[in-house]
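To keep things clear, I will list the structure first and then write my remarks on it.
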Amino acid sequence: MRFRKLAAIAVLALGGTMLAASPAHAANIAANPGFENGLTGWTCTASSGAAAVSSPVHGGTKALQATPAGNDTARCQQTVSVRPSSAYTLSAWVRGGYVFLGATGTGGTDPSTWVSSPSSYAQLSTSFTTGAATTSVTIYVNGWYGQGTYQADDFVLDGQPGQGQPPATPTGLTGTGNVTTASLSWSASSGATGYNVYRNGTKVGTATGTAFSEAPGAGTHSYQVSATNASGESAKSGAVSVTVGNDQPPPPPVPSGLAATVSGAGVSLSWSASSGATGYNVYRNGTKVGTATGTAFSEAPGAGTHSYQVSATNASGESAKSGAVSATVTNTPPPGGLPKRVLVGYLHASFANGSGYIRMADVPNEWNVINLSFGEPTSVTSGDIRFTQCPVAECPNVESEAEFIAGIRAKQALGKKVLISIGGQNGQVQLSTTAARDKFVQSVSAIIDKYGLDGLDIDFEGHSLYLDSGDTNLSAPTTPVIVNLISALKTLKARYGARFVLTMAPETFFVQLGYQFYGPGPNGSADRRAASYLPVIHAMRDDLTLLHVQDYNSGPITGLDNQYHTMGTHDFHVAMTDMLLAGFPIAGNPANVFPALRQEQVAIGLPAAAYAGNGFTTVAEVQKAFDCLAKGTNCGPYRPRGVYPNLRGLMTWSINWDKYNAFEFSRSHRAYLDALG
C-alpha cells in the first residue's frame, strides 16, 4: 500500500480487443501525436523513463517508449482544448504487455480502453462527448504494474478544436518573509503555461511553476499572481502581505474553527491551521493538557463537561487562546470489540512520503482500527518480520519509542485497535518452508508483544502468494506458501485468543478475479497469483475480523452479472462487495464455491485522496455504494444479490493521505456511518 502499486490486470492470459485500421480522420487536434518532436506537448510521470525512440515505431521516425516501475504505471498525457457538448474519437497505436488509452475531464463518462499486444502494434480506439461546460480534456496512455516497457505512436483526437481562452485565476496564494526574501506559492491553474507576479500592483517577475522568490527590500509588501497562456492573462489573485526585514516572525495568530467531537470516552478536537505556527497547545478547563504539531488532538478526559481552548506557537511565542468549546463525556470506553460501523486506516509509521508523518498521539479519533505500516521481512523467504519507527532523518517530527507506545495505549484506552500490518508494496513475504513459517510466528509475536498491539493485518502483495499447478481445491490447498501462512495465522490466533484482531487487505486480483481465474489454470497459461488469497480467507473465515479488499489500483473485474466493472465508481464497489457477501463459484466451477462471508466481516477499501491510489472515488459515490449495499437504495446498473444492513465499514490508504486532503475521508464517512446506526 505504500503509494499503492497497481494490482495485476484482470487476467494475465486475456488481451483487450484489437481494432481494425480505421479510415482517415477529418481532424487531429492532439499536439505532437507521433512524437516526432520528442515529448513536446506531453507530460510523463517522473520514474517512467519516458523518451521518444526510433524503434519500434508505427509511423514516422519516432514513437513514445516508457516503462512502469513500482507504483508508477508510466503515464504520459497532454491537455487539449475542446468544445463543449461535442463528440470526439480518440485512438492510438500501442505495443506492450498491457497498455491503456483514455481521457479524463470530459464532463461525462471518462473513457478508457486497453489491449495486450507485446510483439506488435495494435490500435486502440474510444470515444466520448464533452459536457456542456467542458473546454479541455486530458488524453493519456499508460502501461501496467509489472508488465514491462510499452510503446505508443500516432495518436489521433478527432473532433472540433476548442476556442482559446485564458486560464483560471490562481488560488491558494500564500507568502512568507525572512530577513531578505519574500517567498510565494500558489495552486496551479488549469491551462496555464506561466504566471505573472505583482508586488504592490506592479509586475515584478514571471514563473513557469507555482513558486516565486525575490528580495524586495525591507517592509510589508502586497503580492498577487495571474496565470497566462497563449490566449491571454487571467485576473489577478487575491492579495497576500509579506513582511521582509524581521529577524524573527511574530507569534502566530489565534487558531480558529475549534470543534469538539465525543465518541465513547474520547474527545477529538480539530481546528484550522494558524499561519506561521509550528505547534499548538491544548487547554482543558484552563489547564494545559497537551500539545500537537498538527490541527487535531484526542484524549480521554473522564466523565463530565469539559471546556477546551487551543493556542498556536512558534519560535517567537504563543498566541492568545482560541474561543472555548464544550464537550460532555458520559460513556465509558467501548468494550473490547469493535463498534458496528468502523473506519480502518493505515498509518505510515515506518517511512515518510509526500503526505507527511503523523505521530500516534495525533491520529484523529474518527479511526477505529489503526494499521501500523509496515512490518517487512529481512528477505523474501526468511519469514523474519521486522518493524522500526521512521528514522529521524526521514521523519524529523517522529516521536520517541516511549511516546509511540504511550500513544498506542491512549488509543486503546479509547477503544481503538492498533495492529501491525505485514507486507505492503515492498514487503514480499513467501513462507515457502516450515522454518520460515515458524520464524514468522515468532517475529510477529515479538512485535505484537513489544508494542502491546491488538492483532495483525495481512497486506501481502506482489508475488507473496500464488498457487501451484493442480492446486484447485479451495478447502484443501497444497501450495506451501498458502499452507504455511494459514498455519502461522492459526497459531497466532491460538496464542492470543479471542482478543486477537485479524484483518486482510488483498487486491481485487487476488480475490474477486477468482470468479474467472484461479491460479495458473488448467493449461498453465494464466497468472499463478490469480485469486490466491481465497484459500487463506476461506481457511481463516471463522477467525477473520475484517476483510477489506482494495477496490483501487485494479484492472477491470467481472462481477456476478458477468459484466466488467471499472474502478472509481459506486457500481464497482457494489459489484466487488456483493461477490464477498453473496459468494461465487471459483473459475466458473459450481462444485468449487467460495462461500459468502458474514456481513460484519466485510469493509470496502478505498484511497483517501486522488493522489493516494488509482481509482479514487468521491465521497458522494462511496456513500451511494454503501446505501445500495446496506439499504438497497441509490443503486446503479449493478443490482446486488441481497441487502446487507450489517456491512461493517470502510478502509483507506491512508490516515496520512487523509490528513493531507484536509480529513475529507474520515470526517465525511465517520458522520455518514454514525448516522446509519
Side-chain angles (χ1 to χ4, degrees), residues 5-23 25 28 30 33-35 42 44-45 48-50 52-53 55-60 62-69 72-78 88-104 106 109-128 137-158 508-509 513 516-517 521 525-527 530 553-558 562-568 572 614-615:
K5 72 170 179 58
L6 298 179
I9 194 65
V11 183
L12 293 187
L14 176 68
T17 303
M18 293 189 181
L19 304 175
S22 57
H25 293 258
N28 185 5
F35 301 92
W42 295 85
C44 301
T45 53
S48 64
V53 298
S55 178
V57 301
H58 174 261
K62 295 291 179 65
L64 168 68
Q65 179 167 290
T67 305
D72 185 352
T73 56
R75 174 168 289 193
C76 292
Q77 62 186 38
Q78 68 167 266
Y88 293 84
T89 298
L90 173 65
S91 66
W93 289 86
V94 299
R95 180 178 183 269
Y98 284 89
V99 190
F100 288 73
L101 174 74
T104 60
T106 63
T109 300
D110 289 342
S112 176
T113 186
W114 60 277
V115 71
S116 177
S117 183
S119 59
S120 62
Y121 275 93
Q123 191 182 35
L124 286 172
S125 181
T126 188
S127 61
F128 59 91
V137 300
T138 298
I139 61 174
Y140 68 85
V141 63
N142 60 259
W144 204 250
Y145 170 77
Q147 298 303 309
T149 299
Y150 73 89
Q151 293 84 34
D153 203 358
D154 296 336
F155 279 70
V156 174
L157 182 58
D158 185 4
T508 56
F509 178 88
L513 182 59
Q516 288 183 287
F517 295 90
S525 61
D527 193 315
N553 294 339
S554 169
I557 299 289
T558 300
N562 294 316
Q563 301 296 314
Y564 276 112
H565 296 272
T566 304
M567 63 183 179
F572 184 75
N614 215 4

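Side-chain atoms of Thr104 and Asp110 include no donor-acceptor pair closer than 3.5 Å. Thr508 and Ser554 form a side-chain donor-acceptor contact under 3.5 Å, judged by distance and modelled atom types alone.
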Next item on the list: Could you walk me through whether Val99 and Trp144 pass side chain to side chain contact (heavy atoms under 4.5 Å, CB included), step by step?
Entry: CA-CA 7 Å; Val99 190; Trp144 204 250; over 6 Å; no

Check: Should Thr558 and Gln516 be marked as a side chain to side chain donor-acceptor pair (under 3.5 Å) after you check the CA-CA gap, both sets of side-chain angles, and the distance that decides it?
Finding: CA-CA 8 Å; Thr558 300; Gln516 288 183 287; 3.1 Å; yes

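For the atom pair Ile557 CD1 and Gln563 CD, the distance stands at 14.0 Å (nearest 0.5 Å). The line from CG of Asp527 to CZ of Phe517 is 11.0 Å long, rounded to the nearest 0.5 Å. To the nearest 0.5 Å, atoms OH (Tyr564) and CZ (Phe572) are separated by 12.5 Å.
Side-chain atoms of Tyr121 never come within 3.5 Å of backbone atoms of Gln151 as a donor-acceptor pair (strictly under, hydrogens ignored).
Taking the ring centroids of Phe155 and Trp42, they lie under the 6.0 Å cut-off.
Partner Tyr150 forms a side chain to side chain contact (heavy atoms under 4.5 Å, CB included) with one of Thr67, Leu64, Val94 and no other, that one being Leu64. Exactly one residue among Thr89, Ile139, Thr126 makes a side chain to side chain contact (heavy atoms under 4.5 Å, CB included) with Pro111. That residue is Thr126.
Closest of all the heavy-atom pairs between Ser55 and Gln65 is O-OE1, 4.3 Å.
When side chains are defined from C-beta on, Phe100 counts as touching Ser112, because their heavy atoms get closer than 4.5 Å.
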